[in-house]
Amino acid sequence: MSRDGGYTADEMMAVEAARRLRDGAVCFVGIGLPSLAANLARRTHAPGCVLVYESGTIGAKPSMLPLSIGDGELAETADAVVSVPEMFAYWLQGGRIDVGFLGAAQIDRHGNLNSTVIGPYEAPAVRLPGGGGAPEIALGVRDVFVMLRHSPRAFVSRLDFTTSLGDNVRVVVTDLGLLEPVDGELTLVAVHPGVSVEQVRAATGWDLRIACDLRETEPPTQAELEALRALRTKGAR
Amino acid sequence: MSRDGGYTADEMMAVEAARRLRDGAVCFVGIGLPSLAANLARRTHAPGCVLVYESGTIGAKPSMLPLSIGDGELAETADAVVSVPEMFAYWLQGGRIDVGFLGAAQIDRHGNLNSTVIGPYEAPAVRLPGGGGAPEIALGVRDVFVMLRHSPRAFVSRLDFTTSLGDNVRVVVTDLGLLEPVDGELTLVAVHPGVSVEQVRAATGWDLRIACDLRETEPPTQAELEALRALRTKGAR
Amino acid sequence: MAIVPLSEAVRELVRDGDVVALEGFTHLIPHAAGHEIVRQRKRDLTLVRMTPDVVYDQLIGMGCARKLVFSWGGNPGVGSLHRLRDAVEHGWPAPLELEEHSHAGMAAAYAAGAAHLPFGVLRGYRGGDLPARTRVARIACPFTGEELAAVPAHRPDVGIVHAQQADRRGNVQLWGIVGVQKEAVLASARSIVTVEEIVDELEPRPGGVVLPAWVVDAVCLAPGGAHPSYAHGFYERDNDFYLAWDAISRDRDRFRAWMQRHVLDTADVAEYHASLAAEAAAV
Amino acid sequence: MAIVPLSEAVRELVRDGDVVALEGFTHLIPHAAGHEIVRQRKRDLTLVRMTPDVVYDQLIGMGCARKLVFSWGGNPGVGSLHRLRDAVEHGWPAPLELEEHSHAGMAAAYAAGAAHLPFGVLRGYRGGDLPARTRVARIACPFTGEELAAVPAHRPDVGIVHAQQADRRGNVQLWGIVGVQKEAVLASARSIVTVEEIVDELEPRPGGVVLPAWVVDAVCLAPGGAHPSYAHGFYERDNDFYLAWDAISRDRDRFRAWMQRHVLDTADVAEYHASLAAEAAAV
């Protein structure tokens, strides 16, 4: 996955997602790329970003990237640790979270997501983990950021199962570029350096709209890459 | 209120109520006489009695009698301190409490209690504190013990307001004797030493039923009185 | 969140006509904030509180309240709240509308408010005369058919609590008996937390409840701000005061004189304590 | 409450056909108890758990389960649960009925169970395909008319959790990420708590959750009983194990051989750890 300029597509995704987080935002963070992006933001332009993990840790400040959403360091560094029922009732449903990150196996042009099954529900070809926190995150936070690698199998014209709704999706960050809803449909608004519109079209399972003012994202800066890699070398495996 | 034998009517009430608590019982305790009775039981025959105060303290072991249900020593000596919503949802409504003590301004022959108003609700002669925990304690614990000083103003044929229901009332401990429900009506089953049935009848605002096997309660033992007074001298005012 | 003087917080966050919840279950009752509301002569407040003890007796007696939403209105361990009674029984200094609940109902209503639900569910308000006198509805379980009670969520305009500590960023920690304070703050549109001290860093405590700075609008330093209630680890409950309040509050004139001397004629919690000390020394 | 060997607790409290909830959100997952259920070849269990990770992959793969009630079934940070997938996709070793929820729905169902309510209320299950595939109903707020979701309460026959400590009277304390464990125990008719250690006296901890002895049926000493999950303050999460599990569990024979060697052929958690150590030393 390495690219010109010495960074990977995942690094580009993480950096671009991190850039979207404003300082002070309260973020509901899942594991993997979302956690990487949110932690990167906290270490670069958004030191006041508040990381909330569904395990109950509020204001966690991990020194390295956790492998699970329930790693011990999250509790040790959190401002508060609450029970899981309280997390979902008072904090997520309570309307206190600004940004939620979601991933999925499939996305459609409206930002609806599938993380439940590939194939029919009763006899699935692939049983995926399921919705977890996603259904209520998708409707309970102000802004949903989706992070998903681009492929025709992921960007589909019709979901096999709708796990969560796309109403609050503000941006989809992929390894090829950025999609944002324009008039209710996800539209390519930026490509990463070196990526062509045709590449993105080919990786999208529907006839993708392209913004007339399509732009190119900024490649990761040296500072961003260093902060990112410091997180990963300490924590990732 | 001092009586023959060197103990007061309140002491007799506390001692008799304490005797009814079996060891290991989980008791929801209000302030005043109930707290005195429960703490006495814990210091005499029922060391395993669990005191739960509605302030959220579970398994409190106060060395002296608290003036309020939220005294600091309750939290310091408790096995667990929980929030008030949790206390009422998980512990009381959760069905985990064996015995609840209630007091009131008025009681009727069915054990229904009034702690809300004397006179009409909209224009009360006396505005009482109100139900507090009583309505749900009355129906949420297995056994309700009522402690109430006997008088025609308190033992009334008709309540001015029904704050809590008498369904689970097992005993009413007064300064004159004990009443228990027999065929759905509170019946005098015991008088304290030196008290006559006529005295009790005169202090009751309805035509009081008397048990055919009416007995006399045992006066407080020296050990009971000492334990009781140790609690009071340290704490009471 | 901002760390501001209490007078400023009350001026900017508490408005005439607001629904205001001062919470603290026996412990950590925000008396200093109540006094500041009296000093600023806020009016027409709907006061919400499980146990409207001395703090609301003072607010009611000083004419700040239009309505009281509560579940137990007494002087704990002592007896009546005479100012509350006078308002209800004689309309002095003004009539007081009551919305009365059980503790369980109040707790469920706060929890629903904190969870941003329009109602809370409990097995309660069964029989008796209370259901007809309050805001409660029956609701059927869609799975079992069992009938339960629904109470409308509390969503106060302002939630006010007292805590032991805040850090310089405004994160708050309270411990000991924590009552319904977290729910009161989270259920309210705006919130004020008075604290015993401001520290560099909060040290997690057994039983500690933390309110992150970003759910609190104003943190105000008010040492001794719970008196006559207590702050676990800082000072004990002033039981003598609660006993004394019975006599002070029994008489309208004596009550007014007391409030004038110790609240209206003092500027803040420090002067309030100095005023009490001066009175005690003069005895 | 009694302090008993884990084998005895499982024998007496877990019955074939029971609804069983082993909880622990990433942290404090009661693996030792899961292994004991496998050793005793319990059958037809309905397994309830928010995140059926490796612990349920093992129970499902060993044929203990008839039904799974869950909200997220993956190997956290790694990928699929291959035994869960094999059961759902191919019915091996037996078909597995699914009742699928969201995390918020599961949490509300546990909280309702703990509160002895027949249902929990949340603003959820709106749109999408999940509501048609699970047990959920719409319920209208009697005050505002807003439509919300109701989930049936979880009331498992047995709730099983792991904790750091119990005292000799059987009072339990856990701390760190406390998840939904208190609710799982309080919602269940019977409960088992495995612990890292038994101490004379519990020392209150920041963030500590205490379960009094009288709400727990059996306390069992099982040091290392959360492995490969972790016990805050005792040992860390065995992240390598979660990665290794992906390969072990991918193949039916390899899975069975692993379970035979490390679970069926061991008597308890100590032998399980010795068996893992012996295997590691042999590499």
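Just so we're on the same page: letters track the sequence lines, and every chain starts at 1. Side chains included, hydrogens not; waters and symmetry mates left out as well; all remaining heavy atoms used.
Both the backbone and the side chain of B:S55 come within less than 4.5 Å of a heavy atom in chain C. There is no contact between B:E86 and chain C, counting heavy-atom distances below 4.5 Å. Contacts of B:V117 with chain C are absent, with no heavy-atom separation under 4.5 Å from either backbone or side chain. Only the side chain of C:M50 comes within less than 4.5 Å of a heavy atom of chain B; its backbone N, CA, C and O stay farther away. Contact of C:Y242 with chain B is not made at all, since no heavy-atom distance falls under 4.5 Å. At a 4.5 Å heavy-atom cutoff, C:Y110 makes no contact with chain B through either its backbone or its side chain. Only the side chain of B:P135 comes within less than 4.5 Å of a heavy atom in chain C; its backbone stays farther off. When heavy atoms are compared at a cutoff of 4.5 Å, C:A108 does not approach chain B at all. Contacts between B:A125 and chain C at a heavy-atom distance below 4.5 Å involve the backbone alone (N, CA, C, O). Within the 4.5 angstrom heavy-atom criterion, only side-chain atoms of C:R237, from C-beta onward, approach chain B.
Side chain to side chain, B:E73 and B:S63 meet the donor-acceptor criterion of an N or O pair below 3.5 Å. Remark: the C:Q164 side chain and the C:E196 side chain contain no N/O donor-acceptor pair separated by less than 3.5 Å. Between the side chains of C:W245 and C:D57, at least one donor-acceptor pair of N or O atoms lies under 3.5 Å. At a cut-off of 3.5 Å, with distance as the only test, no side-chain donor of C:H101 or C:S71 sits close to an acceptor on the other residue. No donor-acceptor contact under 3.5 angstrom links the side chains of C:H154 and C:E183, judged on distance only. With hydrogens and angles left out, the side-chain atoms of C:H82 and C:S249 include no donor and acceptor closer than 3.5 Å.
Considering only heavy-atom pairs separated by less than 4.5 Å from chain B, the leading option among C:V88, C:L81, C:L130, C:I177 is C:I177. Chosen from C:H232, C:H103, C:Q181, the residue pairing most often with chain B at heavy-atom distances under 4.5 Å is C:H103. Chain B forms the most heavy-atom pairs under 4.5 Å with one residue out of C:A104, C:G77, C:P76, and that residue is C:A104. If you tally non-hydrogen atom pairs under 4.5 Å between each of B:S83, B:P85, B:A75, B:A89 and chain C, the highest count goes to B:P85. Ranked by non-hydrogen atom pairs under 4.5 Å with chain B, the options C:R133, C:H27, C:R85 are led by C:R133. Here C:G128 is the residue among C:G128, C:G74, C:S229 with the most heavy-atom pairs under 4.5 Å with chain B. When each of C:G179, C:G79, C:A111 is scored by its heavy-atom pairs under 4.5 Å with chain B, the top score falls to C:G179. Listed options B:T116, B:L139, B:T163 were ranked by heavy-atom pairs under 4.5 angstrom with chain C; first place goes to B:L139.
Exactly one residue among B:D108, B:T174, B:L176 makes a side-chain contact (heavy atoms from CB on, under 4.5 Å) with B:F155. That residue is B:T174. When each of B:V169, B:T162, B:N168 is checked for a side-chain contact (heavy atoms from CB on, under 4.5 Å) with B:L165, only B:T162 meets the rule.
With salt bridges taken as basic N to acidic carboxylate O contacts below 4.0 Å, none links B:R127 and C:E89.
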Under 3.5 Å, sequence neighbours excluded: what are the donor-acceptor pairs made by side chains of residues 32-39 of chain B?
| residue | atom | partner | partner atom | Å |
| --- | --- | --- | --- | --- |
| B:S35 | OG | B:N39 | ND2 | 3.3 |
| B:S35 | OG | B:Y53 | OH | 2.9 |
| B:N39 | ND2 | B:S35 | O | 2.8 |
| B:N39 | ND2 | B:Y53 | OH | 3.2 |

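Partners of C:W175 according to the side chain to side chain donor-acceptor pair (under 3.5 Å) rule, which considers only residues two or more places apart in sequence or in another chain, do not exist here.
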